[in-house]
Amino acid sequence: MKIKRHYLQGCSWRRGKKINKPLSIRFLLIVLCLVGMVGSVMFAVQIAFASSKVIFLENEERKIVSENKELEEKLIKGNSLIGLTSKANDLGFSNFVEIVYLNQEKAMAKLP
């Protein structure tokens with residue numbers, strides 16, 4: 001009886017091939033390209049997120065600047081002389097037309 005050699009050595013389709021061959025350059029290039037694509041996608045997502053944050057902050061800046069202008073206008077209107085005069089008249093302060101000066105000669109009240 002004859003024993004076939006390739007059964008003892010392993011499968012015949014593996015004959016002549018290295019089982020533990022080093023990484024080929026082609027495999028390394030494929031892995032490098034995949035890592036590069038994943039990295040570029042992540043970078044694009046980060047840029048999109050940062051740009052949306054910048055747009056939000058610019059809108060907030062516009063709102064604050066417009067509110068600041070409105071407050072400055074209210075302050076200027078409130079501190080103008082005409083505005084202060086009208087507020088004083090509304091509160092009961094008014095300019096006296098007749099000013100009465102008291103002389104030392106006239107006694108207002110005397111005690112006996």
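- The closest side-chain heavy-atom distance from N59 to I55 is below 4.5 Å.
- The local environment of CD in E58 is crowded, with over 12 non-hydrogen atoms from other residues, nucleotides or ligands closer than 6.0 Å.
- Between M42 and V38 the shortest side-chain heavy-atom distance falls below 4.5 Å.
- With values rounded to the nearest 0.5 angstrom, L57 atom CG is found 11.5 Å from R62 atom CZ.
- Between the CG atom in L28 and the SG atom in C33 there is a gap of 11.0 Å [rounded to 0.5 Å].
- If you run side-chain contact (heavy atoms from CB on, under 4.5 Å) between F27 and each of V31, I30, I25, only V31 comes through.
- Atom CD1 of I76 and atom CG of L71 lie 11.0 Å apart (nearest 0.5 Å).
- Between the CD1 atom of I64 and the NZ atom of K69 there is a distance of 13.5 Å, given to the nearest 0.5 Å.
- The local environment of CD in E60 is crowded, with over 12 non-hydrogen atoms from other residues, nucleotides or ligands closer than 6.0 Å.
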